[in-house]
Amino acid sequence: MEQRSQAESALGGAAYGMLFVLGVVMGVVGGFTHPVWQTGPFPGAAAAWVLALFAVCFGAGRLMRAKLGAMVTALGWLLVTMPFTLELRVGDLVIAQGAPGYVYLYGGLAALVVAYLMSPSSGGSWLLRGYTPKNPT
(Lines give C-alpha, C1' and ligand atoms only; values in the text may rest on other atoms or scores of the structure.)
Protein backbone atom coordinates (compact mmCIF):
# COMPACT_ATOMS: atom_id res chain seq x y z
CA MET A 1 0.00 0.00 0.00
CA GLU A 2 1.31 3.40 -0.95
CA GLN A 3 1.99 5.83 1.90
CA ARG A 4 1.19 9.50 1.41
CA SER A 5 3.03 12.32 3.10
CA GLN A 6 1.22 14.78 5.31
CA ALA A 7 1.59 17.49 2.68
CA GLU A 8 -0.02 15.28 0.01
CA SER A 9 -2.86 14.38 2.38
CA ALA A 10 -3.44 18.04 3.25
CA LEU A 11 -3.39 19.02 -0.41
CA GLY A 12 -5.89 16.28 -1.26
CA GLY A 13 -8.17 17.35 1.59
CA ALA A 14 -7.98 20.98 0.49
CA ALA A 15 -8.80 19.98 -3.09
CA TYR A 16 -11.87 18.01 -1.99
CA GLY A 17 -12.91 20.90 0.25
CA MET A 18 -12.71 23.33 -2.67
CA LEU A 19 -14.74 20.94 -4.84
CA PHE A 20 -17.41 20.89 -2.14
CA VAL A 21 -17.44 24.70 -2.03
CA LEU A 22 -17.67 24.77 -5.83
CA GLY A 23 -20.75 22.53 -5.63
CA VAL A 24 -22.30 24.83 -3.02
CA VAL A 25 -21.64 27.91 -5.15
CA MET A 26 -23.11 26.22 -8.23
CA GLY A 27 -26.19 25.29 -6.20
CA VAL A 28 -26.74 28.82 -4.90
CA VAL A 29 -26.15 30.60 -8.19
CA GLY A 30 -27.98 27.98 -10.26
CA GLY A 31 -30.91 27.90 -7.86
CA PHE A 32 -31.54 31.61 -8.29
CA THR A 33 -30.72 31.94 -11.99
CA HIS A 34 -32.20 28.79 -13.58
CA PRO A 35 -35.52 30.46 -14.60
CA VAL A 36 -33.88 33.59 -16.04
CA TRP A 37 -33.66 32.68 -19.72
CA GLN A 38 -36.33 30.86 -21.71
CA THR A 39 -36.81 30.45 -25.44
CA GLY A 40 -40.51 29.86 -25.79
CA PRO A 41 -41.40 26.88 -23.62
CA PHE A 42 -37.76 25.65 -23.51
CA PRO A 43 -35.93 26.59 -20.28
CA GLY A 44 -32.53 27.47 -21.71
CA ALA A 45 -30.87 28.61 -18.49
CA ALA A 46 -31.96 25.49 -16.61
CA ALA A 47 -30.62 23.26 -19.40
CA ALA A 48 -27.34 25.21 -19.41
CA TRP A 49 -27.03 24.74 -15.64
CA VAL A 50 -27.62 20.99 -16.00
CA LEU A 51 -24.86 20.76 -18.62
CA ALA A 52 -22.51 22.86 -16.49
CA LEU A 53 -23.22 20.73 -13.44
CA PHE A 54 -22.46 17.56 -15.38
CA ALA A 55 -19.24 19.04 -16.78
CA VAL A 56 -18.00 20.24 -13.40
CA CYS A 57 -18.80 16.99 -11.58
CA PHE A 58 -17.38 14.82 -14.35
CA GLY A 59 -14.29 17.01 -14.59
CA ALA A 60 -13.80 16.84 -10.82
CA GLY A 61 -13.98 13.05 -10.95
CA ARG A 62 -11.53 12.89 -13.83
CA LEU A 63 -9.08 15.38 -12.31
CA MET A 64 -9.11 13.70 -8.90
CA ARG A 65 -8.96 10.27 -10.59
CA ALA A 66 -11.70 9.04 -8.28
CA LYS A 67 -15.47 8.94 -8.08
CA LEU A 68 -15.12 10.81 -4.79
CA GLY A 69 -14.28 14.01 -6.70
CA ALA A 70 -17.62 13.90 -8.50
CA MET A 71 -19.45 12.85 -5.35
CA VAL A 72 -18.08 15.68 -3.18
CA THR A 73 -19.05 18.30 -5.76
CA ALA A 74 -22.49 16.72 -6.14
CA LEU A 75 -22.97 16.67 -2.37
CA GLY A 76 -22.29 20.41 -2.17
CA TRP A 77 -24.88 21.04 -4.91
CA LEU A 78 -27.43 18.74 -3.28
CA LEU A 79 -27.09 20.28 0.19
CA VAL A 80 -28.02 23.67 -1.25
CA THR A 81 -30.54 22.64 -3.89
CA MET A 82 -32.77 20.36 -1.82
CA PRO A 83 -33.70 23.03 0.76
CA PHE A 84 -34.43 25.39 -2.14
CA THR A 85 -37.33 23.12 -3.12
CA LEU A 86 -39.10 23.55 0.23
CA GLU A 87 -41.88 26.10 0.52
CA LEU A 88 -41.67 28.30 3.59
CA ARG A 89 -44.66 29.45 5.63
CA VAL A 90 -44.55 32.88 4.02
CA GLY A 91 -44.73 31.32 0.56
CA ASP A 92 -41.12 31.79 -0.52
CA LEU A 93 -39.79 29.17 -2.90
CA VAL A 94 -36.53 29.29 -4.83
CA ILE A 95 -37.00 26.36 -7.19
CA ALA A 96 -40.66 26.58 -8.20
CA GLN A 97 -42.88 24.17 -10.07
CA GLY A 98 -42.78 24.48 -13.81
CA ALA A 99 -40.50 23.57 -16.66
CA PRO A 100 -37.41 25.50 -15.49
CA GLY A 101 -37.62 24.08 -11.98
CA TYR A 102 -38.22 20.53 -13.14
CA VAL A 103 -35.43 20.64 -15.73
CA TYR A 104 -33.01 22.14 -13.22
CA LEU A 105 -33.85 19.79 -10.37
CA TYR A 106 -34.41 16.45 -12.09
CA GLY A 107 -31.96 17.12 -14.90
CA GLY A 108 -29.37 18.10 -12.31
CA LEU A 109 -29.94 14.91 -10.36
CA ALA A 110 -29.58 12.85 -13.53
CA ALA A 111 -26.42 14.78 -14.45
CA LEU A 112 -24.92 14.02 -11.03
CA VAL A 113 -25.62 10.31 -11.36
CA VAL A 114 -24.21 10.11 -14.89
CA ALA A 115 -21.11 12.12 -13.93
CA TYR A 116 -20.53 9.85 -10.93
CA LEU A 117 -20.92 6.68 -12.99
CA MET A 118 -18.63 7.95 -15.76
CA SER A 119 -15.87 9.05 -13.36
CA PRO A 120 -12.95 6.65 -12.95
CA SER A 121 -12.72 4.40 -9.92
CA SER A 122 -9.69 4.98 -7.72
CA GLY A 123 -9.15 1.30 -7.00
CA GLY A 124 -10.46 -0.15 -10.21
CA SER A 125 -13.97 -1.38 -10.75
CA TRP A 126 -15.73 -2.62 -7.63
CA LEU A 127 -17.55 -5.12 -9.83
CA LEU A 128 -14.37 -6.69 -11.15
CA ARG A 129 -12.22 -6.56 -8.02
CA GLY A 130 -10.64 -9.93 -7.44
CA TYR A 131 -11.51 -11.15 -10.92
CA THR A 132 -8.57 -12.37 -12.97
CA PRO A 133 -9.37 -12.57 -16.67
CA LYS A 134 -8.45 -15.80 -18.39
CA ASN A 135 -6.49 -15.68 -21.61
CA PRO A 136 -8.37 -17.56 -24.29
CA THR A 137 -5.86 -19.73 -26.13
Side-chain angles (χ1 to χ4, degrees):
M1 185 171 201
E2 181 182 325
Q3 293 292 331
R4 296 175 67 181
S5 70
Q6 287 182 342
E8 289 174 332
S9 296
L11 184 62
Y16 284 116
M18 290 306 297
L19 289 175
F20 179 80
V21 170
L22 179 61
V24 168
V25 169
M26 288 188 72
V28 169
V29 176
F32 285 106
T33 61
H34 73 276
V36 170
W37 172 57
Q38 282 188 295
T39 304
F42 180 72
W49 272 110
V50 168
L51 291 175
L53 183 63
F54 169 77
V56 167
C57 288
F58 179 64
R62 294 282 303 217
L63 289 174
M64 298 303 287
R65 294 188 187 105
K67 290 186 182 294
L68 185 61
M71 187 169 54
V72 166
T73 309
L75 184 63
W77 183 82
L78 283 169
L79 286 177
V80 170
T81 302
M82 289 302 122
F84 280 176
T85 63
L86 301 174
E87 187 172 357
L88 301 176
R89 275 184 263 140
V90 294
D92 293 339
L93 186 66
V94 177
I95 299 176
Q97 295 177 350
Y102 291 140
V103 168
Y104 179 71
L105 183 62
Y106 297 120
L109 291 173
L112 297 179
V113 170
V114 171
Y116 176 80
L117 291 175
M118 290 180 64
S119 296
S121 297
S122 59
S125 173
W126 62 274
L127 289 172
L128 301 177
R129 191 171 294 145
Y131 173 73
T132 55
K134 296 178 182 174
N135 291 334
T137 54

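All values derive from a computational prediction rather than experimental measurement. Counting begins at 1 with the first residue of the sequence.
Side-chain contact between Met82 and Leu105: present, with at least one pair of heavy atoms (C-beta onward) separated by less than 4.5 Å. Counting only heavy atoms from C-beta outward, the side chains of Phe58 and Leu117 never approach each other to under 4.5 Å. Side-chain atoms of Leu109 and Leu78, non-hydrogen and from C-beta on, do get closer than 4.5 Å to each other.
Tyr116 and Phe54 end up in different hydrophobic clusters when Ile, Leu, Val, Met, Phe, Trp and Tyr side chains are linked at under 4.5 Å. Linking ILVMFWY side-chain heavy atoms closer than 4.5 Å, directly or via other members, places Val36 and Tyr102 in two distinct hydrophobic clusters. Residues Leu51 and Phe42 do not share a hydrophobic cluster, clusters being chains of Ile/Leu/Val/Met/Phe/Trp/Tyr side chains in contact below 4.5 Å. Under a hydrophobic clustering in which Ile, Leu, Val, Met, Phe, Trp and Tyr are joined whenever their side-chain heavy atoms come within less than 4.5 Å, directly or via other members, Met118 and Met71 fall into different clusters. Under a hydrophobic-cluster definition in which Ile, Leu, Val, Met, Phe, Trp and Tyr are linked whenever side-chain heavy atoms come within less than 4.5 Å, directly or via other members, Met26 and Phe32 are assigned to the same cluster.
Contact between Pro100 and Ala46 at its shortest, heavy atoms only, is O-CB, 3.5 Å. Val50 and Gly107 get closest at one heavy-atom pair: CG1-O, 3.4 Å. Nearest heavy-atom pair across Val103 and Pro43 is CG2-CG, 3.7 Å. The heavy-atom pair separating Ile95 from Gly31 by the smallest distance is CG1-O, 4.3 Å. For Cys57 against Ala70, the heavy-atom pair with the smallest separation is O-CB, 3.3 Å.
By the 6.0 Å contact criterion, CE on Met18 is open, its count of non-hydrogen atoms from other residues, nucleotides or ligands being 12 or less.
With values rounded to the nearest 0.5 angstrom, Leu93 atom CG is found 7.5 Å from Thr85 atom OG1. Distance CE/Met64 to OG/Ser119: 11.5 Å, rounded to 0.5 Å. One finds the OG1 atom of Thr73 at 4.0 Å from the CG atom of Leu19 (value rounded to the nearest 0.5 Å). Rounding to the nearest 0.5 angstrom, the gap separating the CG atom in Leu53 from the OG1 atom in Thr81 is 8.0 Å.
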Practice task
Begin from the C-alpha positions of Trp49 and Val29 and carry the test side chain to side chain contact (heavy atoms under 4.5 Å, CB included) through to its verdict.
Solution key: CA-CA 10 Å; Trp49 272 110; Val29 176; 3.6 Å; yes
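With sequence neighbours excluded, the residues satisfying side chain to side chain contact (heavy atoms under 4.5 Å, CB included) with Leu75 are Phe20, Leu79.
Ring geometry, Tyr104 versus His34: the interplanar angle falls under 30°, so the pair is classed parallel (tilted spans 30 to 60°).
Judged purely by atom type and a 3.5 angstrom limit, Lys67 has no side-chain atom pairing as donor or acceptor with the backbone of Gly61.
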